[in-house]
Amino acid sequence: MPENQNAIGEHWTKESVSILKQLGWEQKGSCNFDIECTIHIKERKGQNHGVDSFFEYYDPYYQCNQGILVESKNWQFKSITTANIKKWIKQITDCLECLQVSPIIQDLSKAPIQNALLMCWANDEYIHDEFMENLNKVGVASKKYPCNIFVASNYQILRWCSLINTINNIKKDAKSFNFIYPNVPTLGTSLILADHLTLTHLYSKYIFAEVKQEVENYSGGTDIINKLVVFCYEPASSASLDFLYDLIKRLNFQSYQVYEVYLYENETNIRQIVADFKSRINKQIKGDLKKPSTIDVKYLDIFDGLKNVPDGIIRFGEV
């Protein structure tokens, strides 16, 4: 049984790496390597720390590269208890502390390591409310240095798969695709276009991207246009869609010729709300007076994680 669990764990580590690479992260080193424990020697009785995977990306808001420790867990849902989550987070916290002085990690990356991601997959069933109840019971232990630990369950992981799948489809007809990091005056940052998503953005309700696309013009030729794409994970209502459009205006994104909004919703349930919103916004003159901007609403695929999983992103059926 332990051998089978190890095989399942190794397979999920590879799947986690596949997902994060498709989100633009750069893996440093291989999967499943050890680093020496230098801080918790007595507590761990000389055991090394196991690193499932380690990544690096540029964070526009930190304004430097960041190293990210990733821990991957693939368990039955009944075993993803508060006690086990607490144990995993303690392991990650201890490992993060030793990563700071590890010669192995320093050879892989010079980036500061302030964040970690726990990718926790329930392989038989998943009940989100129960998972969140267990997670919310996990207390925050004292840490020797400031760090952030993000937890991704089936709920977040399937959203990311949906995002990857939609982006892959967009890229088929695009000249270029880049995520937009709006400027934040309080941080003194500039607007940045990038081909990756940071941890913070992966948990955001709104993800912005710029797409360059070739379209036919009235003379029978083609033009290259810049299109604003928004991936929206806020439940759709008249108020939430109006808020999204106000956000587009506040971020000065109205110069784009086309706004394309992707909702994480069942189209049937909100068809009239969306139709009213599109009709109202498209009547407003915005952008270039000669070629006013238009807004369109589309839908992200929704995956259930067991029978309905996108090929090429998570492949649980492979040996």
Side-chain angles (χ1 to χ4, degrees), residues 14-27 53 55-61 66 68 70 72 117 119 121 150 152-182 191-215 224-236 241 244 247-248 251 253 256-267 274 293-305 308-316:
K14 293 177 182 177
E15 298 292 1
S16 300
V17 167
S18 173
I19 291 169
L20 296 174
K21 281 184 175 180
Q22 290 183 80
L23 291 167
W25 295 20
E26 181 184 358
Q27 186 180 12
S53 56
F55 289 85
E56 183 178 317
Y57 58 65
Y58 178 78
D59 192 308
Y61 298 138
Q66 291 288 309
I68 311 293
V70 179
S72 305
L117 172 63
M119 292 187 71
W121 182 264
F150 294 76
S153 63
N154 295 44
Y155 180 79
Q156 285 85 16
I157 292 165
L158 288 172
R159 286 186 172 204
W160 299 345
C161 289
S162 173
L163 179 65
I164 291 167
N165 196 61
T166 302
I167 290 171
N168 288 342
N169 288 329
I170 292 172
K171 286 180 176 179
K172 291 176 183 177
D173 298 318
K175 295 292 185 182
S176 68
F177 179 99
N178 285 289
F179 296 107
I180 303 173
Y181 292 87
L191 182 145
I192 295 289
L193 299 180
D195 60 1
H196 65 277
L197 280 176
T198 66
L199 261 175
T200 304
H201 267 61
L202 281 174
Y203 285 83
S204 175
K205 292 181 180 179
Y206 307 103
I207 297 171
F208 295 92
E210 179 181 280
V211 175
K212 291 186 184 296
Q213 190 168 8
E214 189 174 56
V215 297
I224 302 295
I225 66 166
N226 288 339
K227 181 167 64 176
L228 177 70
V229 173
V230 187
F231 303 103
C232 175
Y233 292 97
E234 179 73 7
L241 290 174
L244 172 57
L247 185 59
I248 290 171
L251 293 171
F253 288 156
Y256 288 95
Q257 193 169 336
V258 177
Y259 318 146
E260 203 166 78
V261 177
Y262 285 84
L263 301 176
Y264 195 67
E265 294 274 6
N266 185 315
E267 179 180 0
V274 168
S293 302
T294 60
I295 193 165
D296 194 14
V297 176
K298 298 185 177 182
Y299 297 86
L300 289 147
D301 292 321
I302 298 178
F303 303 112
D304 61 21
N308 186 10
V309 175
D311 292 338
I313 300 174
I314 303 182
R315 303 171 294 276
F316 293 105

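Values below: all heavy atoms of this structure, side chains included; hydrogens, waters and symmetry mates excluded. In this chain, residues are counted from 1 in sequence order.
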Could you check if a side-chain atom of [X] sits within less than 4.5 angstrom of a side-chain atom of [Y], using non-hydrogen atoms only?
X	Y	answer
Asn168	Gln22	yes
Leu247	Phe208	yes
Asp296	Thr294	no
Ile167	Phe179	yes

(request) Determine which pairs satisfy salt bridge (charged side-chain N to carboxylate O under 4.0 Å, His left out) with at least one residue from residues 160-178, sequence neighbours left out, and list them in order. (result) none
(message) Which residues pass the ring-ring contact (aromatic ring centres under 6.0 Å, His included) test with Tyr256, not counting sequence neighbours?
(response) none
(request) List in chain and number order the residues that pass ring-ring contact (aromatic ring centres under 6.0 Å, His included) with Tyr262, two or more places apart in sequence or in another chain; answer none if no residue qualifies. (result) Phe231
Just to verify, what does [X] make a side chain to side chain contact (heavy atoms under 4.5 Å, CB included) with, not counting sequence neighbours?
X	answer
Glu234	Lys205, Tyr206, Cys232, Ser240
Gln27	Val17, Lys21, Cys31, Ser53, Phe55
Ser153	Tyr126, His128, Phe131, Tyr155, Gln156

Indicate the atoms forming the closest heavy-atom contact of [X] with [Y], along with that distance.
X	Y	answer
Ile68	Leu117	CG2-N, 4.4 Å
Ile180	Pro182	O-CD, 3.4 Å
Ala152	Trp160	CB-CH2, 3.5 Å

(message) Test side-chain contact (heavy atoms from CB on, under 4.5 Å) on Cys161 and Ile19; report intermediate values, then the result.
(response) CA-CA 7 Å; Cys161 289; Ile19 291 169; 4.1 Å; yes
(request) Start with the C-alpha distance between Tyr299 and Val274, add both sets of side-chain angles, then the distance that settles side-chain contact (heavy atoms from CB on, under 4.5 Å), and finish with yes or no. (result) CA-CA 11 Å; Tyr299 297 86; Val274 168; 3.5 Å; yes
Nearest 0.5 Å please: distance from the [atom1] atom of [X] over to the [atom2] atom of [Y].
X	Y	atom1	atom2	value
Asp59	Gln66	CG	CD	5.5 Å
Leu158	Asp301	CG	CG	12.0 Å
Tyr233	Tyr264	OH	OH	7.0 Å
Ile164	Ser18	CD1	OG	7.0 Å

(request) Return the set of residues passing side chain to side chain donor-acceptor pair (under 3.5 Å) with Glu267 (not counting sequence neighbours), or none when no residue passes. (result) none
(message) Walk me through whether Val230 and Phe253 qualify under side-chain contact (heavy atoms from CB on, under 4.5 Å).
(response) CA-CA 11 Å; Val230 187; Phe253 288 156; over 6 Å; no
(request) Apply side-chain contact (heavy atoms from CB on, under 4.5 Å) to the pair Met119 and Leu20, showing each step before the final yes or no. (result) CA-CA 10 Å; Met119 292 187 71; Leu20 296 174; 3.9 Å; yes
Ignoring hydrogens and angles, write down the donor-acceptor pairs under 3.5 Å from the side chains of residues 191-202, residues two or more places apart or on other chains.
{"from": "His196", "atom 1": "NE2", "to": "Tyr58", "atom 2": "O", "distance (Å)": "2.6"}
{"from": "Thr198", "atom 1": "OG1", "to": "His201", "atom 2": "N", "distance (Å)": "3.4"}

(request) Among Asn169, Ile170, Leu163, find the one that has a side chain to side chain contact (heavy atoms under 4.5 Å, CB included) with Thr166. (result) Ile170
(request) Assign the ring pair Phe150 / Tyr203 to parallel, tilted or perpendicular, where the plane angle (0 to 90°) is split at 30° and 60°. (result) tilted
(request) Only counting residues at least two apart or in another chain, list the ones meeting salt bridge (Lys or Arg N to Asp or Glu O under 4.0 Å) with Glu260. (result) Lys227, Lys298
